[in-house]
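For reference, the structure is listed below as C-alpha coordinates.
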2 protein chains.
Amino acid sequence: MGLRERKKVQTRNALIDAALELFLTQGYDATTIDQIAARVDVSPRTFFRYFSSKEEVALSPPADSQEIFLAEFAARPESESPYTALSQAMRAMIGTLRDKEPAEAERFMRARQLVEETPHLLAGQMRLLMDNEKRLVAEVARRQGTDTGDLLPQFVVSIFTGLGMVCYTSGPQGFDIMAKRLDDVLKLADRSLRPGWDLAAAAVSSPATG
Amino acid sequence: MGLRERKKVQTRNALIDAALELFLTQGYDATTIDQIAARVDVSPRTFFRYFSSKEEVALSPPADSQEIFLAEFAARPESESPYTALSQAMRAMIGTLRDKEPAEAERFMRARQLVEETPHLLAGQMRLLMDNEKRLVAEVARRQGTDTGDLLPQFVVSIFTGLGMVCYTSGPQGFDIMAKRLDDVLKLADRSLRPGWDLAAAAVSSPATG
DNA sequence: TAATTTATGTCACTGCATGACAGATGACAA
DNA sequence: TTGTCATCTGTCATGCAGTGACATAAATTA
(Lines give C-alpha, C1' and ligand atoms only; values in the text may rest on other atoms or scores of the structure.)
Protein backbone atom coordinates (compact mmCIF):
# COMPACT_ATOMS: atom_id res chain seq x y z
CA MET A 1 0.00 0.00 0.00
CA GLY A 2 1.53 3.30 -1.12
CA LEU A 3 2.01 6.43 0.93
CA ARG A 4 -0.84 8.18 -0.83
CA GLU A 5 -3.32 5.47 0.00
CA ARG A 6 -2.17 5.28 3.62
CA LYS A 7 -2.57 9.03 4.00
CA LYS A 8 -6.10 8.84 2.69
CA VAL A 9 -7.09 6.18 5.19
CA GLN A 10 -5.45 8.23 7.90
CA THR A 11 -7.27 11.42 6.93
CA ARG A 12 -10.55 9.59 6.65
CA ASN A 13 -10.24 8.11 10.12
CA ALA A 14 -9.09 11.44 11.53
CA LEU A 15 -12.19 13.10 10.08
CA ILE A 16 -14.46 10.44 11.56
CA ASP A 17 -12.83 10.70 14.97
CA ALA A 18 -12.89 14.50 14.97
CA ALA A 19 -16.52 14.51 13.88
CA LEU A 20 -17.59 11.98 16.52
CA GLU A 21 -15.71 13.89 19.21
CA LEU A 22 -17.38 17.19 18.33
CA PHE A 23 -20.82 15.66 17.75
CA LEU A 24 -20.75 13.92 21.12
CA THR A 25 -19.56 16.97 23.08
CA GLN A 26 -21.34 19.85 21.32
CA GLY A 27 -24.19 18.00 19.68
CA TYR A 28 -24.66 17.12 16.02
CA ASP A 29 -26.47 20.27 14.91
CA ALA A 30 -24.19 22.63 16.81
CA THR A 31 -21.14 21.24 15.05
CA THR A 32 -20.15 22.68 11.66
CA ILE A 33 -18.14 21.12 8.87
CA ASP A 34 -15.64 23.96 9.27
CA GLN A 35 -14.96 22.89 12.85
CA ILE A 36 -14.39 19.28 11.86
CA ALA A 37 -12.13 20.24 8.97
CA ALA A 38 -10.15 22.69 11.12
CA ARG A 39 -9.48 19.97 13.70
CA VAL A 40 -7.91 17.75 11.03
CA ASP A 41 -6.19 20.68 9.30
CA VAL A 42 -7.87 20.21 5.97
CA SER A 43 -10.11 22.56 4.02
CA PRO A 44 -13.90 22.19 4.37
CA ARG A 45 -13.95 21.31 0.68
CA THR A 46 -11.73 18.33 1.35
CA PHE A 47 -14.16 17.04 3.93
CA PHE A 48 -16.76 16.67 1.21
CA ARG A 49 -14.29 14.73 -0.90
CA TYR A 50 -14.23 12.05 1.80
CA PHE A 51 -17.89 12.21 2.84
CA SER A 52 -20.79 13.35 0.73
CA SER A 53 -22.57 14.90 3.69
CA LYS A 54 -22.37 15.74 7.37
CA GLU A 55 -24.63 12.77 7.99
CA GLU A 56 -22.41 10.32 6.16
CA VAL A 57 -19.38 10.85 8.36
CA ALA A 58 -21.44 9.98 11.43
CA LEU A 59 -23.06 6.98 9.76
CA SER A 60 -19.86 5.65 8.28
CA PRO A 61 -19.19 3.15 11.11
CA PRO A 62 -22.80 1.88 11.16
CA ALA A 63 -22.65 1.48 7.39
CA ASP A 64 -19.50 -0.58 7.75
CA SER A 65 -21.07 -2.80 10.41
CA GLN A 66 -24.04 -3.44 8.15
CA GLU A 67 -21.71 -4.52 5.40
CA ILE A 68 -20.11 -6.91 7.84
CA PHE A 69 -23.53 -8.25 8.77
CA LEU A 70 -24.45 -8.85 5.15
CA ALA A 71 -21.17 -10.66 4.54
CA GLU A 72 -21.69 -12.87 7.61
CA PHE A 73 -25.23 -13.61 6.48
CA ALA A 74 -24.15 -14.62 3.00
CA ALA A 75 -21.56 -16.92 4.57
CA ARG A 76 -24.04 -18.85 6.72
CA PRO A 77 -24.44 -22.50 5.70
CA GLU A 78 -27.40 -23.44 3.52
CA SER A 79 -28.56 -25.87 6.18
CA GLU A 80 -29.70 -23.03 8.41
CA SER A 81 -33.22 -21.69 8.05
CA PRO A 82 -33.46 -18.02 6.99
CA TYR A 83 -34.23 -16.74 10.47
CA THR A 84 -31.51 -18.85 12.09
CA ALA A 85 -28.99 -17.62 9.54
CA LEU A 86 -30.01 -14.02 10.24
CA SER A 87 -29.68 -14.49 13.99
CA GLN A 88 -26.30 -16.15 13.73
CA ALA A 89 -25.06 -13.49 11.34
CA MET A 90 -26.02 -10.86 13.90
CA ARG A 91 -24.07 -12.64 16.64
CA ALA A 92 -21.12 -13.03 14.28
CA MET A 93 -21.17 -9.34 13.44
CA ILE A 94 -20.92 -8.30 17.08
CA GLY A 95 -18.01 -10.71 17.51
CA THR A 96 -16.25 -9.37 14.45
CA LEU A 97 -16.57 -5.80 15.69
CA ARG A 98 -15.31 -6.70 19.16
CA ASP A 99 -12.23 -8.40 17.72
CA LYS A 100 -11.11 -5.39 15.72
CA GLU A 101 -8.24 -3.20 16.90
CA PRO A 102 -9.29 -1.01 19.84
CA ALA A 103 -9.24 2.29 17.94
CA GLU A 104 -11.64 0.96 15.35
CA ALA A 105 -13.90 -0.82 17.82
CA GLU A 106 -14.04 2.42 19.78
CA ARG A 107 -15.25 4.25 16.67
CA PHE A 108 -18.14 1.82 16.31
CA MET A 109 -19.24 2.26 19.91
CA ARG A 110 -18.99 6.05 19.82
CA ALA A 111 -20.90 6.23 16.56
CA ARG A 112 -23.51 3.92 18.01
CA GLN A 113 -23.98 6.16 21.05
CA LEU A 114 -24.18 9.26 18.85
CA VAL A 115 -26.74 7.77 16.50
CA GLU A 116 -28.92 6.70 19.38
CA GLU A 117 -29.09 10.17 20.91
CA THR A 118 -29.58 11.99 17.58
CA PRO A 119 -32.99 11.42 15.97
CA HIS A 120 -31.85 12.66 12.59
CA LEU A 121 -29.02 10.13 12.53
CA LEU A 122 -31.27 7.37 13.78
CA ALA A 123 -33.48 8.05 10.79
CA GLY A 124 -30.46 8.02 8.52
CA GLN A 125 -29.39 4.68 9.87
CA MET A 126 -32.85 3.31 9.19
CA ARG A 127 -32.40 4.42 5.60
CA LEU A 128 -29.16 2.45 5.43
CA LEU A 129 -31.02 -0.51 6.83
CA MET A 130 -33.73 -0.23 4.21
CA ASP A 131 -31.17 0.12 1.44
CA ASN A 132 -29.80 -3.26 2.44
CA GLU A 133 -33.22 -4.75 3.01
CA LYS A 134 -33.65 -5.56 -0.67
CA ARG A 135 -30.44 -7.59 -0.68
CA LEU A 136 -31.55 -9.31 2.50
CA VAL A 137 -34.99 -10.15 1.13
CA ALA A 138 -33.44 -11.54 -2.03
CA GLU A 139 -31.11 -13.82 -0.07
CA VAL A 140 -33.92 -15.00 2.23
CA ALA A 141 -36.13 -15.70 -0.77
CA ARG A 142 -33.35 -17.72 -2.34
CA ARG A 143 -32.96 -19.81 0.82
CA GLN A 144 -36.70 -20.37 0.99
CA GLY A 145 -37.04 -21.10 -2.68
CA THR A 146 -39.73 -18.40 -2.86
CA ASP A 147 -39.96 -15.36 -5.11
CA THR A 148 -38.55 -12.00 -4.00
CA GLY A 149 -41.96 -10.47 -4.57
CA ASP A 150 -43.56 -12.89 -2.12
CA LEU A 151 -44.84 -11.67 1.20
CA LEU A 152 -43.00 -14.30 3.24
CA PRO A 153 -39.38 -13.25 2.68
CA GLN A 154 -40.31 -9.61 3.29
CA PHE A 155 -42.15 -10.69 6.39
CA VAL A 156 -39.18 -12.62 7.76
CA VAL A 157 -36.79 -9.76 7.13
CA SER A 158 -39.15 -7.23 8.70
CA ILE A 159 -39.58 -9.32 11.83
CA PHE A 160 -35.85 -9.66 12.11
CA THR A 161 -35.26 -5.96 11.54
CA GLY A 162 -37.68 -5.28 14.36
CA LEU A 163 -35.69 -7.52 16.67
CA GLY A 164 -32.51 -5.73 15.66
CA MET A 165 -34.05 -2.39 16.57
CA VAL A 166 -35.02 -3.62 20.02
CA CYS A 167 -31.48 -4.68 20.86
CA TYR A 168 -30.04 -1.55 19.26
CA THR A 169 -32.12 0.96 21.16
CA SER A 170 -31.00 0.29 24.69
CA GLY A 171 -28.66 2.95 25.99
CA PRO A 172 -24.88 3.28 25.75
CA GLN A 173 -23.13 -0.01 26.32
CA GLY A 174 -20.26 -2.27 25.31
CA PHE A 175 -20.20 -5.17 22.89
CA ASP A 176 -20.76 -7.71 25.64
CA ILE A 177 -23.91 -6.07 26.94
CA MET A 178 -25.07 -5.70 23.36
CA ALA A 179 -24.55 -9.43 22.78
CA LYS A 180 -26.42 -10.24 26.00
CA ARG A 181 -29.31 -8.05 24.93
CA LEU A 182 -29.40 -9.77 21.55
CA ASP A 183 -29.54 -13.15 23.29
CA ASP A 184 -32.48 -12.01 25.42
CA VAL A 185 -34.38 -10.74 22.41
CA LEU A 186 -33.72 -13.90 20.42
CA LYS A 187 -34.90 -16.02 23.36
CA LEU A 188 -38.08 -13.98 23.49
CA ALA A 189 -38.51 -14.50 19.76
CA ASP A 190 -38.05 -18.26 20.13
CA ARG A 191 -40.87 -18.34 22.67
CA SER A 192 -43.11 -16.22 20.47
CA LEU A 193 -42.67 -17.73 17.03
CA ARG A 194 -43.90 -21.10 15.84
CA PRO A 195 -41.25 -23.59 14.69
CA GLY A 196 -40.73 -23.37 10.95
CA TRP A 197 -42.50 -20.03 10.67
CA ASP A 198 -39.72 -18.75 8.41
CA LEU A 199 -39.94 -21.65 5.95
CA ALA A 200 -41.89 -21.56 2.71
CA ALA A 201 -43.88 -24.73 3.54
CA ALA A 202 -46.22 -22.87 5.88
CA ALA A 203 -47.18 -20.38 3.19
CA VAL A 204 -47.45 -22.98 0.44
CA SER A 205 -50.11 -24.83 2.41
CA SER A 206 -52.49 -21.89 1.99
CA PRO A 207 -55.06 -22.00 -0.84
CA ALA A 208 -54.18 -20.45 -4.21
CA THR A 209 -54.44 -16.65 -4.44
CA GLY A 210 -57.70 -15.12 -5.69
CA MET B 1 -64.12 29.68 13.00
CA GLY B 2 -62.92 33.15 11.98
CA LEU B 3 -61.72 34.30 8.59
CA ARG B 4 -58.12 34.39 9.78
CA GLU B 5 -58.17 30.79 10.93
CA ARG B 6 -59.86 29.60 7.75
CA LYS B 7 -57.27 31.36 5.63
CA LYS B 8 -54.48 29.65 7.52
CA VAL B 9 -55.92 26.20 6.95
CA GLN B 10 -56.40 27.09 3.30
CA THR B 11 -52.82 28.31 2.87
CA ARG B 12 -51.48 25.28 4.68
CA ASN B 13 -53.34 22.86 2.45
CA ALA B 14 -52.37 24.85 -0.64
CA LEU B 15 -48.71 24.59 0.38
CA ILE B 16 -48.98 20.84 0.91
CA ASP B 17 -50.73 20.32 -2.42
CA ALA B 18 -48.27 22.51 -4.32
CA ALA B 19 -45.34 20.76 -2.67
CA LEU B 20 -46.67 17.28 -3.41
CA GLU B 21 -47.40 18.23 -7.00
CA LEU B 22 -43.88 19.56 -7.58
CA PHE B 23 -42.19 16.77 -5.63
CA LEU B 24 -44.01 14.10 -7.62
CA THR B 25 -43.35 15.67 -11.03
CA GLN B 26 -39.83 17.12 -10.63
CA GLY B 27 -38.56 15.04 -7.76
CA TYR B 28 -38.06 16.04 -4.13
CA ASP B 29 -34.47 17.29 -4.40
CA ALA B 30 -35.02 19.18 -7.63
CA THR B 31 -37.84 21.20 -6.08
CA THR B 32 -37.01 24.38 -4.19
CA ILE B 33 -38.93 26.14 -1.45
CA ASP B 34 -39.10 29.19 -3.72
CA GLN B 35 -40.99 27.19 -6.32
CA ILE B 36 -43.49 25.91 -3.79
CA ALA B 37 -44.00 29.37 -2.30
CA ALA B 38 -44.35 30.98 -5.72
CA ARG B 39 -47.09 28.53 -6.68
CA VAL B 40 -49.16 29.54 -3.64
CA ASP B 41 -48.25 33.22 -3.98
CA VAL B 42 -46.62 33.57 -0.61
CA SER B 43 -43.06 34.50 0.30
CA PRO B 44 -40.54 31.71 0.97
CA ARG B 45 -40.30 33.02 4.51
CA THR B 46 -44.00 32.33 5.01
CA PHE B 47 -43.51 28.73 3.96
CA PHE B 48 -41.26 28.25 6.98
CA ARG B 49 -43.91 29.73 9.25
CA TYR B 50 -46.17 26.82 8.29
CA PHE B 51 -43.55 24.08 8.05
CA SER B 52 -40.22 23.95 9.82
CA SER B 53 -38.52 22.24 6.90
CA LYS B 54 -38.89 21.01 3.37
CA GLU B 55 -39.22 17.51 4.78
CA GLU B 56 -42.05 18.42 7.11
CA VAL B 57 -44.42 19.55 4.38
CA ALA B 58 -44.06 16.19 2.65
CA LEU B 59 -44.42 14.23 5.89
CA SER B 60 -47.36 16.23 7.16
CA PRO B 61 -50.01 13.78 5.89
CA PRO B 62 -48.12 10.71 7.20
CA ALA B 63 -47.74 12.46 10.55
CA ASP B 64 -51.48 13.07 10.65
CA SER B 65 -52.24 9.45 9.84
CA GLN B 66 -49.98 8.30 12.64
CA GLU B 67 -51.84 10.53 15.06
CA ILE B 68 -55.04 8.91 13.87
CA PHE B 69 -53.54 5.49 14.44
CA LEU B 70 -52.50 6.38 17.99
CA ALA B 71 -55.97 7.70 18.74
CA GLU B 72 -57.58 4.53 17.37
CA PHE B 73 -55.20 2.41 19.40
CA ALA B 74 -55.95 4.26 22.63
CA ALA B 75 -59.66 3.76 21.94
CA ARG B 76 -59.45 -0.04 21.60
CA PRO B 77 -61.25 -1.92 24.39
CA GLU B 78 -59.20 -3.26 27.29
CA SER B 79 -60.42 -6.77 26.50
CA GLU B 80 -58.20 -6.92 23.43
CA SER B 81 -54.64 -8.19 23.75
CA PRO B 82 -51.94 -5.66 22.85
CA TYR B 83 -51.27 -7.14 19.43
CA THR B 84 -54.96 -7.48 18.59
CA ALA B 85 -55.54 -3.88 19.61
CA LEU B 86 -52.64 -2.74 17.42
CA SER B 87 -53.92 -4.69 14.43
CA GLN B 88 -57.45 -3.41 14.81
CA ALA B 89 -56.21 0.15 15.24
CA MET B 90 -54.35 -0.20 11.96
CA ARG B 91 -57.47 -1.38 10.16
CA ALA B 92 -59.47 1.43 11.74
CA MET B 93 -56.92 3.99 10.60
CA ILE B 94 -57.18 2.94 6.97
CA GLY B 95 -60.96 3.15 7.23
CA THR B 96 -60.81 6.61 8.77
CA LEU B 97 -58.56 7.87 5.99
CA ARG B 98 -60.77 6.40 3.29
CA ASP B 99 -63.85 8.07 4.72
CA LYS B 100 -62.37 11.55 4.65
CA GLU B 101 -63.37 14.08 1.99
CA PRO B 102 -61.78 13.22 -1.39
CA ALA B 103 -59.35 16.17 -1.43
CA GLU B 104 -57.89 15.15 1.90
CA ALA B 105 -57.83 11.43 1.15
CA GLU B 106 -56.06 12.27 -2.08
CA ARG B 107 -53.37 14.13 -0.13
CA PHE B 108 -52.69 11.05 1.97
CA MET B 109 -52.31 8.82 -1.06
CA ARG B 110 -50.10 11.23 -2.93
CA ALA B 111 -47.89 11.77 0.09
CA ARG B 112 -47.68 8.01 0.55
CA GLN B 113 -46.55 7.52 -3.02
CA LEU B 114 -43.99 10.30 -2.70
CA VAL B 115 -42.55 8.96 0.55
CA GLU B 116 -42.19 5.52 -0.91
CA GLU B 117 -40.17 6.68 -3.90
CA THR B 118 -37.99 9.10 -1.91
CA PRO B 119 -35.49 7.38 0.41
CA HIS B 120 -34.86 10.53 2.41
CA LEU B 121 -38.55 10.89 3.17
CA LEU B 122 -38.91 7.20 3.94
CA ALA B 123 -36.21 7.67 6.56
CA GLY B 124 -38.00 10.72 7.89
CA GLN B 125 -41.21 8.77 8.22
CA MET B 126 -39.37 6.10 10.17
CA ARG B 127 -38.24 8.83 12.54
CA LEU B 128 -41.87 9.85 13.03
CA LEU B 129 -42.65 6.22 13.72
CA MET B 130 -39.92 5.99 16.31
CA ASP B 131 -41.04 9.21 17.96
CA ASN B 132 -44.41 7.61 18.53
CA GLU B 133 -42.93 4.29 19.50
CA LYS B 134 -42.38 5.39 23.08
CA ARG B 135 -46.05 6.24 23.47
CA LEU B 136 -46.96 2.93 21.88
CA VAL B 137 -44.64 0.94 24.14
CA ALA B 138 -46.05 2.70 27.19
CA GLU B 139 -49.62 1.84 26.21
CA VAL B 140 -48.72 -1.78 25.43
CA ALA B 141 -46.91 -2.10 28.78
CA ARG B 142 -49.97 -0.73 30.54
CA ARG B 143 -52.20 -3.30 28.86
CA GLN B 144 -49.79 -6.10 29.74
CA GLY B 145 -49.28 -4.90 33.27
CA THR B 146 -45.53 -4.92 32.60
CA ASP B 147 -42.98 -2.15 33.02
CA THR B 148 -42.14 0.16 30.11
CA GLY B 149 -38.50 -0.82 30.50
CA ASP B 150 -39.31 -4.49 29.98
CA LEU B 151 -38.26 -6.22 26.83
CA LEU B 152 -41.69 -7.64 26.07
CA PRO B 153 -43.63 -4.44 25.28
CA GLN B 154 -40.76 -3.20 23.12
CA PHE B 155 -40.69 -6.56 21.42
CA VAL B 156 -44.41 -6.49 20.65
CA VAL B 157 -44.26 -2.97 19.27
CA SER B 158 -41.21 -3.77 17.14
CA ILE B 159 -42.83 -6.85 15.64
CA PHE B 160 -45.89 -4.82 14.83
CA THR B 161 -43.89 -1.97 13.34
CA GLY B 162 -42.20 -4.52 11.10
CA LEU B 163 -45.57 -5.73 9.90
CA GLY B 164 -46.61 -2.16 9.22
CA MET B 165 -43.55 -1.62 7.07
CA VAL B 166 -44.27 -4.70 4.99
CA CYS B 167 -47.72 -3.51 4.10
CA TYR B 168 -46.52 0.05 3.57
CA THR B 169 -43.76 -0.76 1.12
CA SER B 170 -45.71 -2.23 -1.74
CA GLY B 171 -46.05 0.14 -4.65
CA PRO B 172 -48.61 2.87 -5.40
CA GLN B 173 -52.12 1.78 -4.53
CA GLY B 174 -55.49 2.78 -3.14
CA PHE B 175 -56.90 2.34 0.35
CA ASP B 176 -58.62 -0.89 -0.58
CA ILE B 177 -55.49 -2.59 -1.87
CA MET B 178 -53.69 -1.32 1.20
CA ALA B 179 -56.33 -2.87 3.45
CA LYS B 180 -56.09 -6.13 1.51
CA ARG B 181 -52.33 -6.16 1.91
CA LEU B 182 -52.67 -5.52 5.63
CA ASP B 183 -55.05 -8.48 5.90
CA ASP B 184 -52.54 -10.74 4.12
CA VAL B 185 -49.71 -9.69 6.40
CA LEU B 186 -51.82 -10.14 9.53
CA LYS B 187 -52.86 -13.60 8.34
CA LEU B 188 -49.22 -14.48 7.86
CA ALA B 189 -48.49 -13.19 11.35
CA ASP B 190 -51.28 -15.32 12.81
CA ARG B 191 -49.71 -18.41 11.27
CA SER B 192 -46.27 -17.47 12.54
CA LEU B 193 -46.88 -16.36 16.10
CA ARG B 194 -47.85 -18.54 19.05
CA PRO B 195 -51.18 -17.74 20.73
CA GLY B 196 -50.70 -15.41 23.66
CA TRP B 197 -47.21 -14.39 22.58
CA ASP B 198 -48.01 -10.78 23.29
CA LEU B 199 -49.18 -11.39 26.86
CA ALA B 200 -47.01 -10.98 29.95
CA ALA B 201 -47.77 -14.51 31.19
CA ALA B 202 -45.51 -16.08 28.59
CA ALA B 203 -42.53 -14.11 29.85
CA VAL B 204 -43.36 -14.61 33.52
CA SER B 205 -43.31 -18.39 33.09
CA SER B 206 -39.60 -18.30 32.25
CA PRO B 207 -37.09 -19.07 34.98
CA ALA B 208 -35.61 -16.20 36.99
CA THR B 209 -32.91 -14.18 35.24
CA GLY B 210 -29.29 -15.19 35.78
C1' DT C 1 -63.53 54.07 13.60
C1' DA C 2 -59.57 53.30 16.75
C1' DA C 3 -56.62 50.15 19.13
C1' DT C 4 -54.78 45.64 19.36
C1' DT C 5 -53.28 41.36 17.83
C1' DT C 6 -51.42 38.47 14.45
C1' DA C 7 -49.93 37.10 9.90
C1' DT C 8 -46.95 38.33 6.10
C1' DG C 9 -42.99 40.36 3.39
C1' DT C 10 -38.31 42.07 3.11
C1' DC C 11 -33.63 41.91 4.34
C1' DA C 12 -29.56 39.97 6.09
C1' DC C 13 -27.05 36.12 7.58
C1' DT C 14 -25.21 31.25 8.65
C1' DG C 15 -24.43 26.57 7.21
C1' DC C 16 -24.60 22.66 3.92
C1' DA C 17 -23.28 21.11 -0.49
C1' DT C 18 -21.29 21.38 -5.33
C1' DG C 19 -18.73 22.85 -9.61
C1' DA C 20 -14.54 24.83 -11.58
C1' DC C 21 -9.91 25.83 -11.68
C1' DA C 22 -5.15 26.23 -10.10
C1' DG C 23 -1.45 24.57 -7.37
C1' DA C 24 0.77 20.93 -4.53
C1' DT C 25 2.15 16.22 -3.91
C1' DG C 26 2.80 11.38 -4.48
C1' DA C 27 3.63 7.64 -8.26
C1' DC C 28 6.46 6.05 -11.81
C1' DA C 29 9.75 5.55 -15.67
C1' DA C 30 14.13 6.82 -17.73
C1' DT D 1 17.87 12.44 -9.84
C1' DT D 2 14.80 14.24 -12.93
C1' DG D 3 10.76 14.83 -15.64
C1' DT D 4 6.07 13.40 -16.58
C1' DC D 5 1.66 12.03 -15.24
C1' DA D 6 -2.10 11.19 -12.20
C1' DT D 7 -4.31 12.56 -8.19
C1' DC D 8 -5.23 15.06 -4.05
C1' DT D 9 -6.01 19.57 -2.01
C1' DG D 10 -7.16 24.56 -1.47
C1' DT D 11 -9.49 28.64 -3.11
C1' DC D 12 -13.26 30.85 -5.09
C1' DA D 13 -17.96 31.31 -6.51
C1' DT D 14 -22.62 29.74 -6.34
C1' DG D 15 -27.29 27.80 -5.00
C1' DC D 16 -30.47 26.26 -1.59
C1' DA D 17 -32.18 25.42 3.34
C1' DG D 18 -33.29 27.58 7.38
C1' DT D 19 -33.52 31.62 10.97
C1' DG D 20 -33.68 36.19 13.32
C1' DA D 21 -35.15 41.05 13.14
C1' DC D 22 -38.04 44.52 11.82
C1' DA D 23 -41.58 46.87 9.24
C1' DT D 24 -46.05 46.44 7.01
C1' DA D 25 -50.62 44.71 6.13
C1' DA D 26 -54.62 42.49 7.54
C1' DA D 27 -58.04 40.61 10.76
C1' DT D 28 -60.03 41.00 15.50
C1' DT D 29 -62.12 43.47 19.11
C1' DA D 30 -64.05 47.31 21.46
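The figures that follow rest on heavy atoms only: side chains count, while hydrogens, waters and symmetry mates do not. Order of the sequence lines fixes the chain letters, A, B, ..., with proteins taken first and strands second; residue numbering starts at 1 for each chain.
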*What string of B, S and - do you get for nucleotides 23-30 of chain D, 5' to 3', when a contact is any protein heavy atom under 4.0 Å?*
---BBS--
*For nucleotides 10-19 of chain C, just jot down a letter per nucleotide in 5' to 3' order: B, S or -, based on protein non-hydrogen atoms under 4.0 Å.*
B----SSBBB
_Distance check needed: dT9(D) P versus L15(A) CG, whole Å only._
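Going from L15(A) (CG) to dT9(D) (P), I get 9 Å.
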*Take the protein atom CZ of R12(B) and the nucleotide atom C1' of dT8(C), then report the distance between them rounded to whole Å.*
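R12(B) atom CZ is separated from dT8(C) atom C1' by 17 Å.
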*Sequence neighbours left out, what passes ring pair (Phe, Tyr, Trp, His ring centres under 6.0 Å) with F48(B)? Give chain and number order.*
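Testing F48(B) for ring pair (Phe, Tyr, Trp, His ring centres under 6.0 Å), a comparison that skips the adjacent residues, returns none.
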_dC8(D) OP1/OP2 closer than 4.0 Å to side-chain N/O of Y50(A)_ =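 False: Y50(A) side-chain N/O out of range (4.0 Å or more) of dC8(D) OP1/OP2.
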_Heavy-atom closest contact (I33(A) atom, P44(A) atom, distance)_ =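 Heavy atoms only, the tightest pair is CG2-O, 4.3 Å.
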_Residues which pass side chain to side chain contact (heavy atoms under 4.5 Å, CB included) with D64(B), listed by chain and number, not counting sequence neighbours_ =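 With sequence neighbours excluded, D64(B) shows a side chain to side chain contact (heavy atoms under 4.5 Å, CB included) to S60(B), F108(B), given in chain and number order.
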*Are any of the side-chain heavy atoms of L186(B) and R91(B) separated by less than 4.5 Å?*
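A side-chain contact exists here, since the closest heavy-atom pair is under 4.5 Å.
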*Contacts of type side-chain hydrogen bond (donor to acceptor under 3.5 Å, both in side chains), residue Y168(B), not counting sequence neighbours*: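 Applying side-chain hydrogen bond (donor to acceptor under 3.5 Å, both in side chains) to Y168(B) gives Q125(B).
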Atom pairs and distances, donor-acceptor, side-chain atoms in residues 160-167 of chain B, under 3.5 Å, two or more places apart:
residue	atom	partner	partner atom	Å
T161(B)	OG1	V157(B)	O	2.8

*asked:* Check whether F73(B) forms a cation-pi arrangement with R143(B) (NZ or CZ under 6.0 Å from the six-membered ring centre, at most 45° off the ring normal).
replied: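 So R143(B) does make the cation-pi contact.
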_Please verify the inter-ring angle class for F51(A) with F47(A); under 30° counts as parallel, over 60° as perpendicular, anything in between as tilted._
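Correct class here is tilted.
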